[in-house]
Amino acid sequence: MSDNMSLRGQRGNLTRRQFLASASTGTIAAVVAGAVPAYAQGARKAGKCAILGGTPVRAKRFTSWPIWDKNAEKPVLEILRSGKWFRGSGHVVEQFEEKYAALLGAKRCVAVMNGTNALLTAMHCLDVGVGDEVIVSPYTFIATYNVILNSTALPVFADTDPETFLINPDTIESKINDNTRAIMPVHIFGLPAEMAKINAIAKRRNLKVIEDACQAWLAEFGGKKCGTLGDLGCFSFQESKHLPSGEGGAVVGNDEALMDHVLAFHNCGRVKGKSGYPIVGHNRRMTEIQAAILLNQIERLEADTAKRVENANYLTSKIKDIPGIIPHRLYEGTTRAVYHLYPMRYKAEQFNGLPRSRFMAALSAEGIPCSSVYGPQYNDGLIEAALTSRSFQRAFPKERLDRYRAELRCPGNEQLCQEAVCFTQNLLLGPKSDMDDIANAIQKIYENRNELVKAQKA
Ligand SMILES: *Cc1c(COP(=O)(O)O)cnc(C)c1O
């Protein structure tokens, strides 16, 4: 920011033309003029990296998130003033459920308090629980591990395909045994898992499919929305997500009886048309105010999604030929990926061995925030903490837990965790020139790779 300010001051009473001519690099000109850096338009003169004291490619902030508009104020205030704050007194949660089901082309939707509890509800209602094994992708937000462990079940990790960031369907079948109850594919970053293969395996082996679609609002595989492809689909509406309400979630499905069970279970076990509490339940209800925020947010979801997709595709076209940068691959059958994060892989070899952490620091210094996102979280301690707990010790014979530990290996996932570099969804909401900045910053670091490696050794 201060660089930008001093440049503005320095421009002083030079004419725009004089200033552009005097600027030593295209980058400086770009920062002031707000245009695409000159070197990226063919000249390819990168200038000094910002992390080594040069001028950053970008001084502006990217689009911030969440975005809300004034139309949300009235309905939220009305609920507040009415005192009808829970779904038993109002109808806003129900309205949202109908709208979201229609948007996805699902028969039914039950809104819940968050995505974690959507997954727990789906597991309970599909009778996935104590002593079971659930085959799952290791490359995911930790909630996916937690819901399985919280159900006193074993998360059995199929391997990740580093090219797609998704569960490799070819590694699923060898993990199936008599204790396997379900497959939980995760459409990570809004990239659809290869559902045709996954559903075929599930059908052949008589397994349930619970889609963790907590990052995949409006993503599609085979022309159908993610979350409607398995037995049940689960969504999150947490603040960072594309359809946010601070906290929030939903379970969607097409089986009426199963969805009746979901509805009853999430509402303390109250079964429609029956008195008392004939089944076990939980309270996982969404509040009316959450639903009012969602009804406002849902208005922008399609346009935002289209923008992210367009920018993501453009960014891919700009960076795909930079050596050492490998954009993600989509599975055949994918009809829409929605980019909760934009993922790519970084090959340090092609950057003269510049470590990924240094590449990311250099990119951040250029004004492009980025993240390595997920590590091999199964090594973080939570698995062992669960396996040694009293409930697991009672639910599983020692030999099963020993075998589980011995087989916990995911080489594809380990590789991906070393190579991934991602940009969060809000970076994809601005103009095309924001994508140019990202691509130009990567290109600049590539061209400066020797200097960056040298500076590190010094
Ligand atoms: C966000 C998320 C969840 C959990 O949702 P919460 O609403 O935060 O509880 C689960 N799985 C994935 C992949 C997520 O990104």
Side-chain angles (χ1 to χ4, degrees), residues 65-66 93 96 100 109-124 128 134-151 153 155 157-158 160 164-167 182-193 195 198 209-219 226-227 229-230 232-252 266 282-287 290-291 293-294 297 301 305 308 328 337-343 371-378 382 413 416-417 420 422-426:
W65 189 262
V93 173
F96 170 72
Y100 196 56
C109 166
V110 171
V112 295
M113 63 223 247
N114 57 42
T116 302
N117 279 284
L119 289 164
L120 284 168
T121 302
M123 289 180 71
H124 174 86
V128 183
V134 178
I135 296 179
V136 68
S137 165
Y139 196 77
T140 182
F141 178 58
I142 202 66
T144 320
Y145 295 32
N146 277 334
V147 295
I148 299 169
L149 295 170
N150 275 309
S151 307
F157 299 109
T160 309
T164 62
F165 293 65
L166 292 158
I167 191 167
I183 307 174
M184 194 182 279
V186 184
H187 307 295
I188 205 67
F189 305 154
L191 314 173
M195 291 305 293
I198 293 166
V209 175
I210 300 171
E211 293 175 80
D212 182 338
C214 286
Q215 298 186 4
W217 325 260
L218 302 187
C226 288
L229 298 154
L232 289 172
C234 299
F235 291 88
S236 167
F237 308 131
Q238 188 270 341
E239 183 177 277
S240 67
K241 311 292 174 112
H242 296 190
L243 180 58
S245 55
E247 300 282 357
V251 181
V252 304
H266 110 294
H282 205 285
N283 175 3
R284 290 176 179 163
R285 293 183 303 254
M286 173 178 278
T287 69
Q290 279 172 288
I293 296 171
L294 289 170
Q297 287 291 317
L301 180 61
T305 303
R308 289 187 193 97
H328 57 282
V338 299
Y339 300 102
H340 185 50
L341 286 102
Y342 178 95
S371 160
S372 58
V373 199
Y374 306 121
Q377 299 160 140
Y378 37 78
L382 82 163
N413 191 64
L416 179 59
C417 290
C422 302
F423 306 112
T424 51
Q425 54 95 5
N426 58 302

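For ligands, and for the atoms within them, numbers begin at 1 and follow the listed sequence. Below, each value reflects all heavy atoms present in this structure, side chains not excepted, and no hydrogens, waters or symmetry copies.
For the atom pair CD (Gln425) and OH (Tyr339), the distance works out to 14.0 Å, reported to the nearest 0.5 Å. Atoms CG and CE, from Asn150 and Met123 in turn, are 9.0 Å apart once rounded to the nearest 0.5 Å. Annotation: the span from Leu218 atom CG to Thr305 atom OG1 amounts to 4.5 Å, rounded to 0.5 Å. To the nearest 0.5 Å, atom CZ of residue Phe237 and atom CD of residue Gln290 are 10.0 Å apart.
Of the protein's non-hydrogen atoms, the one nearest atom 9 (O) of ligand 1 is Thr116 OG1, 2.5 Å. In this structure, the protein non-hydrogen atom closest to atom 11 (N) of ligand 1 is Asp212 OD2, 2.8 Å.
When each atom of ligand 1 is checked for a heavy atom of Thr144 under 4.0 Å away, the hits are 11 (N). Near Cys214, meaning under 4.0 Å from one of its heavy atoms, ligand 1 places the atoms 2 (C), 3 (C), 10 (C), 11 (N), 12 (C), 14 (C). Close contacts between ligand 1 and Thr140 involve ligand atoms 13 (C) [criterion: under 4.0 Å to a heavy atom]. Close approach of ligand 1 to Ala143 is summarised as follows: ligand atoms under 4.0 Å from at least one heavy atom of the residue are 3 (C), 4 (C), 10 (C). Using a 4.0 Å cut-off to heavy atoms of Asn114, the atoms of ligand 1 that qualify are 7 (O), 9 (O).
Between Gln215 and ligand 1, at least one N/O pair is under 3.5 Å apart. In terms of polar-atom proximity, Ser236 is counted as a contact of ligand 1, with an N or O under 3.5 Å from an N or O of the ligand. At least one N/O-N/O distance between Lys241 and ligand 1 falls below 3.5 Å. Any N or O atom pair closer than 3.5 Å counts here, and Gly115 shares at least one such pair with ligand 1.
Each of Leu166, Val136, Ile198, Thr144 was scored for a side-chain contact (heavy atoms from CB on, under 4.5 Å) with Pro185, with one residue passing: Ile198.
Below 30°, between 30° and 60°, or above 60°: for Phe157 and Tyr145 the angle between ring planes is between 30° and 60°, a tilted geometry. Between Phe165 and His328, the ring planes are perpendicular. Angles over 60° get that label, and only those under 30° would be called parallel.
In terms of heavy-atom proximity, Pro138 sits nearest to Ala158 at CD-O, 2.9 Å.
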